[in-house]
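Inspection log for the structure reproduced underneath, given as structure tokens.
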Amino acid sequence: MTMRSFVCITVIAYCIVVLSLTSSALGQSSSPKPQKPRITVKQAAIGEGVSQYAERYLNLETILAEMESSLRATRKFEVLTRQKEHLEDIRDEQKFSQSDLTKGDAASSGLLENADYLVRPTVQDFKFYRTSKPVPNISNKYVRNDGGMLEIQIQVLDTETGGIKATFYVKDSFYTSDKVVNTKGGAPSSVYFTRMAKDVSAQMADQLVDTVFPMLVIQAASGQIFINRGKDGGLEKGDVLNAYRPGEALIDPYTGEKLGAAERMVGKVKVTRVNPKFTIAEPISKDVKEPIQKGDILRKP
């Protein structure tokens with residue numbers, strides 16, 4: 001073999017290796033990332049349990065905004081807005097993008113994403129009141145208390161099948177301590193309503209995550225249980241969770257519908273540390289029926 005032939009073969013081999021590595025790298029970089037489920041929240045309906053008096057203090061826009069915020073904070077969903085004013089702003093921007101003043105690279109009309117899940121809240125009960133009673137033997141002085149309660153039914157719909165994914169209730173309340181004031185009447189501060197809206201929204205997001213993304217054991221070794229929940233999952237140090245072993249899938253013999261899976265409880269674990277993206281727990285020895293292993297499902301009691 002001549003030196004010239006040897007050089008040509010070496011160059012060809014080098015090119016083949018480079019092309020192979022490049023195509024491999026491109027294949028890795030172009031592989032699609034797992035897509036988060038898309039979800040949207042409808043403005044809450046008002047149930048029959050809400051009086052006309054209380055309804056005047058019921059801010060549905062605040063509830064909607066807090067629910068969207070709580071879902072975004074989980075980092076588990078892509079939250080799509082359905083707030084009327086936001087959609088109108090988007091529509092105006094789309095129209096502007098079609099004018100001669102822009103590049104025209106905004107989303108075209110009709111190309112907004114559809115949601116995988118639809119959250120339908122209904123305010124089942126709401127109270128927001130103030131009580132005042134005169135201070136004995138002192139004129140123009142009153143003892144005042146503020147109180148309230150917010151209960152919402154949450155219905156989660158699968159937009160592909162139209163089926164009801166889950167139904168649950170969230171609730172919060174407040175009651176202030178005695179305060180001596182110079183006047184009676186009026187209503188509690190809207191700050192209290194916002195606090196209740198934040199709390200029920202956080203409960204909603206927590207339960208929804210548990211419905212769509214059950215807590216799972218992702219690793220079990222040396223007496224430590226690693227869970228696919230972090231600080232955004234509503235867990236705190238000291239929480240006790242039940243551990244279940246999933247079994248055979250259950251299917252309705254008449255409809256073919258998947259009904260879930262048979263489960264058996266295998267023990268309990270106690271949370272010892274909550275990290276940003278995962279949680280560490282340890283088995284509670286007296287409650288362990290079988291060794292807890294990867295793939296087991298964890299639920300709050």
Side-chain angles (χ1 to χ4, degrees), residues 41-74 79 81-86 119-156 166-210 231-241 270-271 274 300-301:
V41 184
K42 300 290 287 184
Q43 181 163 290
I46 301 176
E48 295 180 355
V50 180
S51 68
Q52 290 185 345
Y53 171 80
E55 189 175 333
R56 73 180 75 177
Y57 302 110
L58 183 59
N59 192 329
L60 300 181
E61 289 74 18
T62 296
I63 294 174
L64 176 57
E66 292 298 338
M67 286 188 171
E68 289 182 341
S69 178
S70 292
L71 287 173
R72 283 194 297 270
T74 67
V79 183
T81 184
R82 291 297 183 261
Q83 294 190 45
K84 184 177 179 181
E85 63 272 19
H86 291 172
V119 177
R120 294 184 58 205
T122 300
V123 180
Q124 297 285 21
D125 199 359
F126 175 61
K127 294 178 175 61
F128 205 65
Y129 59 88
R130 169 170 288 174
T131 60
S132 302
K133 56 183 180 182
V135 176
N137 304 320
I138 302 178
S139 60
N140 298 324
K141 291 291 183 181
Y142 304 88
V143 177
R144 189 178 74 194
N145 301 99
D146 291 339
M149 184 268 288
L150 178 61
E151 182 179 11
I152 301 179
Q153 180 199 62
I154 303 294
Q155 203 171 51
V156 184
T167 300
F168 51 86
Y169 290 81
V170 290
K171 182 178 179 180
D172 190 44
S173 61
F174 76 95
Y175 190 78
T176 64
S177 56
D178 291 349
K179 184 177 181 180
V180 177
V181 295
N182 297 325
T183 59
K184 61 180 180 179
S189 167
S190 60
V191 170
Y192 294 112
F193 178 83
T194 301
R195 290 175 183 172
M196 288 196 297
K198 283 181 179 291
D199 189 77
V200 296
S201 297
Q203 294 176 41
M204 177 273 301
D206 190 19
Q207 292 201 46
L208 186 53
V209 167
D210 284 343
K231 290 185 177 179
D232 56 351
L235 294 177
E236 296 181 359
K237 183 177 179 179
D239 284 350
V240 174
L241 306 172
K270 184 176 182 179
V271 173
V274 181
K300 294 180 179 179

Test side chain to side chain donor-acceptor pair (under 3.5 Å) on Asn145 and Lys179; report intermediate values, then the result.
CA-CA 7 Å; Asn145 301 99; Lys179 184 177 181 180; over 6 Å; no
Please determine whether side-chain contact (heavy atoms from CB on, under 4.5 Å) holds for the pair Phe128 and Leu58, giving the CA-CA distance in whole Å, both sets of side-chain angles, and the decisive distance to 0.1 Å.
CA-CA 9 Å; Phe128 205 65; Leu58 183 59; over 6 Å; no
Mind running side-chain contact (heavy atoms from CB on, under 4.5 Å) on Glu61 and Gln43 for me, showing each step along the way?
CA-CA 7 Å; Glu61 289 74 18; Gln43 181 163 290; 3.7 Å; yes
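The minimum heavy-atom distance linking Met67 with Val41 is given by the pair SD-CG1, 4.1 Å. The two residues Asp239 and Glu236 make their nearest non-hydrogen contact at OD2-N, 2.8 Å. Here the shortest heavy-atom pairing between Lys171 and Val200 reads C-CG1, 3.8 Å. The shortest heavy-atom contact between Asp125 and Met149 is OD2-CE, 3.0 Å. What you find for Tyr175 and Gly147 is that their closest heavy atoms are CD1-CA, 4.0 Å. Closest heavy-atom contact between Glu66 and Thr194: OE2-CG2, 4.1 Å.
Here the side chains of Gln124 and Tyr169 are in contact, with some heavy-atom distance below 4.5 Å. Side-chain contact check for Asn182 versus Lys141: some heavy-atom pair is nearer than 4.5 Å. Here the side chains of Val156 and Phe168 are in contact, with some heavy-atom distance below 4.5 Å. By the 4.5 Å heavy-atom criterion applied to side chains, Ile154 and Gln207 are not counted as neighbours.
If you take CE on Met204 and CG on Asp206, they are separated by 10.5 Å, rounding to the nearest 0.5 Å. In this structure, Ser190 OG and Arg195 CZ are separated by 10.5 Å, a value rounded to the nearest 0.5 Å. Atom CG of residue Leu150 and atom OH of residue Tyr57 lie 16.0 Å apart, to the nearest 0.5 angstrom. Taken to the nearest 0.5 Å, the OG1 atom of Thr122 stands 10.0 Å off from the CD1 atom of Ile46. Residue Ser70 holds its OG atom at 10.0 Å from CD of Gln203, rounded to the nearest 0.5 Å. If you take CG on Leu208 and OG on Ser201, they are separated by 12.0 Å, rounding to the nearest 0.5 Å.
In this structure a side-chain-to-backbone donor-acceptor pair under 3.5 Å is present from Thr74 to Leu71. A donor-acceptor pair under 3.5 Å is formed between the side chain of Arg130 and the backbone N or O of Gly185.
In the displayed structure, Arg72 atom CZ is contacted under 6.0 Å by more than 12 heavy atoms of other residues, nucleotides or ligands.
Ionic pairing of Lys300 and Asp210 is not present here: no N-O contact between side-chain nitrogen and carboxylate oxygen is shorter than 4.0 angstrom.
Taking the six-membered ring wherever Trp is involved, the centroid distance between the rings of Phe193 and Phe126 falls below 6.0 Å.
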